[in-house]
Amino acid sequence: MNIIKVKDKQELAKKAAGIIAGQVLKKTDCVLGLATGSTPLDTYNNLIQMYQEGLLDFSKVKTYNLDEYYGLERTDSQSYYYYMKENLFKSINIDMDNVHVPDGKAQNVEQECIQYDEMIRQAGGIDLQLLGIGHNGHIGFNEPADELVYGTHKETLTESTINANVRFFNNLEEVPTEAISMGIGTIMESRSILLIGAEGKAEIIEKMISGPITPQVPASLLQLHPDVTVIYVAS
Ligand code: F6R
């Protein structure tokens, strides 16, 4: 693992955006795996700025998001599709036909999950997967468990994740309790991985980097991946 410690979230965002920009410049039709949550927001702002300065072209880039809340329409302001549109896609020249987020309202969830992984394979696989990390060590919504699931699947969110996400909702009752998430295998098949952690994530990141490889800390599986960069605020 390539570990980069930074002093604050601004430096984190600059470095993370630099790595994503490097990928887009190197391969203009690259496949990016994207994350939501609060951590990537500044990174996305940096990418938007680079696009506005004429440094980046996203017209041929394809994206696959890690996850989506189960039961939410794309038009719901709490959906991850909506988040991506508002916080990145509407401000860059990406072709919305090249944008993919699991369908939280899929009639046949099993089929949706199989198709999602198949679409990623048909696109040639993910060149660079951006990840955040939960306080409990989840990546995507692969929650700590005795066993992890390989492919995209429906996951029941843990209490810790629901409590962490309540800040985006009016109250606890509104927070979805299930999500469709890429599996650990889907994530591990990416050619390269960039995991970012802002203030408050140093403890779990250090556990992920040097603790035992265990499904109880899903991110620890990344120790087995040959090309992972971790950038985190060391406080
Ligand atoms: C989001 C996702 C989650 C978040 C994680 C950290 O698409 O897959 O794993 O990356 O929960 O969230 P923040 O950045 O809000 O602390």
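Numbering starts at 1 and runs along the sequence shown.
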Heavy atoms of Ile204 and Asn136 approach each other most closely as CD1-C, 4.1 Å
Test your reading of the model: is there a side-chain donor-acceptor pair from Asn171 to the backbone of Glu174, 3.5 Å cut-off?
yes
What one should report as the nearest heavy-atom pair of Cys30 and Gln23 is CB-NE2, 3.7 Å
Separation of Thr229 OG1 from Ile3 CD1 (nearest 0.5 Å)
8.5 Å
Is the number of heavy atoms from other residues, nucleotides or ligands within 6.0 Å of CD (Gln111) greater than 12?
yes
If only side-chain N and O atoms count, and only distance matters, is there a donor-acceptor pair under 3.5 Å linking Asn165 with Tyr69?
yes
Do Ser59 and Asp95 have side chains that get closer than 4.5 Å, going by heavy atoms?
no
Under a 3.5 Å cutoff, is there a donor and acceptor pairing between the side chains of His138 and Thr161?
yes
For the residue pair Phe141 and Tyr80, categorise the inter-ring angle as parallel (less than 30°), tilted (30 to 60°) or perpendicular (more than 60°).
parallel
Looking at CG of Leu148 and CD1 of Ile184, how far apart are the two atoms once the value is rounded to the nearest 0.5 Å?
5.0 Å
Using every non-hydrogen atom in the two residues, find where Lys105 and Gly71 come nearest and quote the distance to one decimal.
CD-O, 3.3 Å
On the 0 to 90° scale, with breaks at 30° and 60°, tag the Tyr64-His100 ring pair as parallel, tilted or perpendicular.
parallel
Quick one: are Met96 and Ile94 in side-chain contact, heavy atoms under 4.5 Å?
yes
Check the pair Ser38 / Arg167 against side chain to side chain contact (heavy atoms under 4.5 Å, CB included), numbers first and verdict last.
CA-CA 10 Å; Ser38 41; Arg167 68 192 195 278; 2.6 Å; yes
Is there a path of hydrophobic side-chain contacts, each under 4.5 Å between heavy atoms of I/L/V/M/F/W/Y residues, joining Met208 to Ile4?
no
Least distance between heavy atoms, Glu73 atom then Ser79 atom
O-CB, 3.3 Å
Heavy-atom side-chain contact between Asp8 and Glu199 under 4.5 Å:
yes
I want to check something: taking the side chain as every heavy atom from C-beta on, are Asp227 and Arg191 in contact at a cut-off of under 4.5 Å?
no
How far apart are the C-alpha atoms of Phe89 and Thr63, what are their side-chain angles, what is the distance that settles it, and do they pass the side chain to side chain contact (heavy atoms under 4.5 Å, CB included) test?
CA-CA 10 Å; Phe89 298 149; Thr63 67; 3.5 Å; yes
Cluster check Leu194, Ile126: I/L/V/M/F/W/Y, side chain < 4.5 angstrom:
no
Report the C-alpha distance between Ile133 and Ile196 in whole Å, list the side-chain angles of each, state the deciding distance to 0.1 Å, and finish with yes or no for side chain to side chain contact (heavy atoms under 4.5 Å, CB included).
CA-CA 7 Å; Ile133 185 170; Ile196 56 176; over 6 Å; no
Quick one: does Ser190's side chain have a donor or acceptor within less than 3.5 Å of a partner on Ser192's backbone?
no
Using the side-chain contact (heavy atoms from CB on, under 4.5 Å) rule, pick out the option among Leu131, Val99, Thr43, Leu88 that qualifies with Leu34.
Leu88
Looking at Glu53, I want to see if its CD is surrounded by more than 12 non-hydrogen atoms of other residues, nucleotides or ligands under 6.0 Å.
yes
Pair Thr158, Glu143: side-chain N/O donor-acceptor within cut-off below 3.5 Å
yes
Spell out, as yes or no, whether a donor-acceptor pair under 3.5 Å connects the side chain of Asp42 to the backbone of Gln10.
no
Measuring from Ile180:CD1 to Asp103:CG, what's the distance to the nearest 0.5 Å?
6.5 Å
Are the side chain of Lys154 and the backbone of Tyr70 linked by a donor-acceptor contact shorter than 3.5 Å?
no
Are side-chain N/O atoms of Glu206 and Tyr232 paired as donor and acceptor at under 3.5 Å?
yes
Going by an N to O cut-off under 4.0 Å, is there a salt bridge joining Lys62 and Asp29?
no
Are Glu11 and Lys14 ion-paired here, with the side-chain N under 4.0 Å from a carboxylate O?
no
Within a strict 4.5 Å, meaning less than it, do heavy atoms of the Leu128 and Ile19 side chains meet?
yes
Value for CD (Glu155) from SG (Cys113), rounded to nearest 0.5 Å, stands at 10.5 Å
Backbone N/O of Tyr83 and side chain of Asn87: donor-acceptor pair under 3.5 Å:
yes
Is Leu55 linked to Tyr51 within one hydrophobic cluster, defined over Ile, Leu, Val, Met, Phe, Trp and Tyr using a side-chain heavy-atom separation of less than 4.5 Å?
yes
May I ask you to decide if Phe168's main-chain N or O and Gln78's side chain share a donor-acceptor pair within less than 3.5 Å?
yes
Output the distance between atom CG (Leu130) and atom CG (Leu66), rounded to the nearest 0.5 Å.
7.5 Å
Heavy-atom distance under 4.5 Å between the side chains of Lys85 and Tyr81, does that happen here?
yes
With rounding to the nearest 0.5 angstrom, report the CE to CG distance, Met1 to Leu224.
8.5 Å
Does a side-chain heavy-atom distance below 4.5 Å link Asn98 with Val61?
no
Quick one: do Arg121 and Glu189 make a salt bridge, cutoff under 4.0 Å?
yes
Among side-chain atoms of His225 and Gln223, is any donor-acceptor pair under 3.5 angstrom?
no
Report, as yes or no, whether the 6.0 Å neighbourhood of atom NZ on Lys27 holds more than 12 heavy atoms from other residues, nucleotides or ligands.
yes
Asn2 and Val230, any side-chain heavy atoms less than 4.5 Å apart
no
Let me check something: do Val101 and Met119 share a hydrophobic cluster, defined by ILVMFWY side-chain heavy atoms less than 4.5 Å apart, either directly or through other members?
no
Check the hydrophobic clustering (I, L, V, M, F, W, Y; side-chain heavy atoms under 4.5 Å; chains of links allowed) and say if Leu221 and Val149 are grouped together.
no
